Colleague: 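Dumping the structure here so I can ask a few things about it.
Side chains included, hydrogens not; waters and symmetry mates left out as well; all remaining heavy atoms used. Since we're looking at a predicted model, the values are computed, not measured.
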Amino acid sequence: SSTAQPTRNLCGDMSGILAWFWNERFWLPHNVTWADLKNTEEATFPQAEDLYLACPLAFCIFMIRLVFERFIARPCAMGLKIQANGPQKAQPNAILEKVFTAITKHPDEKRLEGLSKQLDWDVRTIQRWFRQRRNQEKPSTLTRFCESMWRFTFYLYIFTYGVRFLKKTPWLWNTKECWYNYPYQPLTVDIHYYYILELSFYLSLLFSQFTDIRRKDFPIMFLHHAATISLITFSYVNNMARVGTLVMCLHDAADVLIEAAKMANYAKCQILCNLLFAMFAILFICSRLGVYPVWILNTTLFESWEIVGPYPSWWLFNLLLLLLQLLHSFWSYLIVRTACRAISKGKVSHPAPHNRPLEHFLT
């Protein structure tokens, strides 16, 4: 028929694209094929289709989060006397609202003078209106506390699970075990659960960015979540899951402390906030600038080269890990700079108007 030929061509194109994407010579070491890694009665290996489970699970995690924030985090916040009141709202004004939504949220001096003449308001009043209007888009302290408590709870659980699981594995104590018999390392139930749960959580964070109140760091966090999802997926598909579990556990450790510091900040527990942030800064810098390159990059770059040898996806995987190290260095610089400014101001959560030392970390 007239429609059958285009349909066959489309199917042929799709199969060609899939065959190109899953090229064994890119993903796997020399002389290894996907057929070698099919599940058998004797052994189970990671399969790309396993990751499909993460999508519905991400939705379930998102729903659990809503229930958690409503019935657990919110009562805790109320108990700490954290109010639900948001910032003061700007008085309704159609002209200013149109400028705010359609033109700019930060009008320059020329535009302010024009609006001042048009509305017969003084410039300072218009500046105050735009400041209040910008603040309206920020989530309330109660909302932030609930979000941080949810993340703190998840990170604490997954980090505890990772430590309990990894301490029983040989590759925690000898990273060369990540590469012996690679890629014919069977997939255990613990690794599968660990991977799927981490991937589902970051997918839920990615989705929730579009439903939560829009933050100013939206693009940065979107890229962060997308990069994390890519690394988790990549390492699972080509069965680098052993070293992947080490990377995930190492990164979860500091996340627990920063979310705890945020909660203390929102609850106005200044001394506890300072202590937790100091612990976070020390752990972050030691783990990301010390342990990560010496432990993780050493095994992925040098031990794997010696035992397995390089192949195309090996280069890409290590490139991504090196880019992650660059991000670690940048964030560590921000943390040190923030801590120095905070010490000079005498506290970490009440920043000066222009310095805002911990705004990026504790809000």
Side-chain angles (χ1 to χ4, degrees), residues 138-139 141 144-145 147-156 158-160 162-163 198 201-202 205-206 209 215-229 231-232 246-298 320-363:
K138 296 179 181 179
T141 302
R144 290 173 174 175
F145 179 90
E147 286 182 5
S148 287
M149 187 171 179
W150 161 247
R151 295 187 188 198
F152 168 80
T153 303
F154 178 84
Y155 288 136
L156 182 62
I158 201 68
F159 175 68
T160 304
V163 170
E198 285 269 19
F201 177 71
Y202 281 102
L205 291 183
L206 193 70
Q209 277 200 290
R215 304 286 184 83
K216 64 183 178 183
D217 62 351
F218 176 90
I220 296 173
M221 294 311 299
F222 182 87
L223 288 174
H224 172 267
H225 298 332
T228 303
I229 291 166
L231 274 169
I232 292 174
L246 300 179
V247 174
M248 291 190 296
C249 189
L250 181 66
H251 283 74
D252 288 336
D255 292 335
V256 175
L257 288 174
I258 190 59
E259 297 301 336
K262 288 179 181 180
M263 290 192 295
N265 182 44
Y266 301 144
K268 292 182 171 54
C269 299
Q270 188 64 49
I271 296 176
L272 180 60
C273 174
N274 294 354
L275 176 62
L276 287 169
F277 182 77
M279 292 170 60
F280 158 76
I282 294 169
L283 180 59
F284 186 97
I285 293 170
C286 290
S287 62
R288 309 295 173 94
L289 298 187
V291 177
Y292 180 82
V294 172
W295 193 40
I296 301 296
L297 292 181
N298 178 64
L320 292 172
L321 292 176
L322 287 169
L323 289 174
L324 192 58
Q325 180 62 67
L326 291 178
L327 287 175
H328 293 164
S329 302
F330 175 68
W331 287 329
S332 296
Y333 161 73
L334 291 181
I335 290 171
V336 171
R337 187 182 70 173
T338 294
C340 291
R341 287 182 176 178
I343 292 170
S344 68
K345 299 295 178 184
K347 54 178 71 175
V348 300
S349 65
H350 292 79
H354 300 292
N355 290 333
R356 300 182 178 275
L358 286 192
E359 184 177 27
H360 294 292
F361 298 104
L362 298 182
T363 59

Colleague: Using 0.5 Å steps for rounding, measure from the CG atom of Leu257 to the CG atom of Leu275.
Modeller: 9.5 Å

Colleague: Can you measure from CH2 (Trp295) to CG (Leu246) and round to the nearest 0.5 angstrom?
Modeller: 4.5 Å

Colleague: For Phe277 and Ile335, which heavy atoms make the closest approach, and how far apart are they?
Modeller: CZ-CG2, 4.2 Å

Colleague: List the atom of Leu156, the atom of Val256, and the distance in Å for their closest heavy-atom pair.
Modeller: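 Taking Leu156 first and Val256 second, the nearest heavy atoms are N-CG2, 3.7 Å.
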
Colleague: Measure across Cys249 and Gly162 and return the closest heavy-atom pair with its distance rounded to 0.1 Å.
Modeller: SG-C, 4.1 Å

Colleague: Give me the atom names and distance for the closest heavy-atom approach of Tyr202 to Ile232.
Modeller: CD1-CD1, 4.3 Å

Colleague: Would you say the ring centers of Phe159 and Tyr155 fall short of 6.0 Å from each other?
Modeller: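 No: the rings miss the under 6.0 Å criterion.
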
Colleague: Nearest 0.5 angstrom please: Leu321 CG to His328 NE2, how far?
Modeller: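 The distance works out to 9.0 Å.
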
Colleague: Met279 versus Ile282: any side-chain heavy-atom pair under 4.5 Å?
Modeller: no

Colleague: If I compare all heavy atoms of Pro293 with all of Arg288, which pair ends up nearest, and what's the gap?
Modeller: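 Closest heavy-atom pair between Pro293 and Arg288: CD-O, 3.5 Å.
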
Colleague: Check the angle between the aromatic planes of Trp331 and Phe284 and answer parallel, tilted or perpendicular using the 30° and 60° thresholds.
Modeller: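 Rings of Trp331 and Phe284: perpendicular, as their planes differ by over 60°.
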
Colleague: Do other residues, nucleotides or ligands put more than 12 heavy atoms under 6.0 Å from Ile271 CD1?
Modeller: no

Colleague: Hey, what do you get for SG (Cys273) to NZ (Lys268), rounding to the nearest 0.5 Å?
Modeller: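 Going from SG on Cys273 over to NZ on Lys268, the span is 11.5 Å.
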
Colleague: Working to the nearest 0.5 Å, report the span between CG of Leu334 and OG of Ser329.
Modeller: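 Going from CG on Leu334 over to OG on Ser329, the span is 11.0 Å.
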
Colleague: Please work out which of the three classes, parallel, tilted or perpendicular, describes the rings of Tyr266 and Phe145, given edges at 30° and 60°.
Modeller: perpendicular

Colleague: Using every non-hydrogen atom in the two residues, find where Met263 and Ser148 come nearest and quote the distance to one decimal.
Modeller: CG-CB, 3.8 Å

Colleague: Contact between Leu276 and Phe280 at the side-chain level, heavy atoms closer than 4.5 Å - yes or no?
Modeller: no

Colleague: Between Asp252 and Asp255, is there a side-chain heavy-atom distance shorter than 4.5 Å?
Modeller: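 In contact.
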
Colleague: Got Leu324 and Leu231 here, is their nearest side-chain heavy-atom distance under 4.5 Å?
Modeller: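 A side-chain contact under 4.5 Å exists here.
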
Colleague: Does the distance from a Lys or Arg side-chain N to an Asp or Glu carboxylate O, for Glu259 and Lys262, drop under 4.0 Å?
Modeller: yes

Colleague: Could you measure the distance from the NE2 atom of His225 to the CG atom of Leu205? Nearest 0.5 Å is fine.
Modeller: 4.5 Å

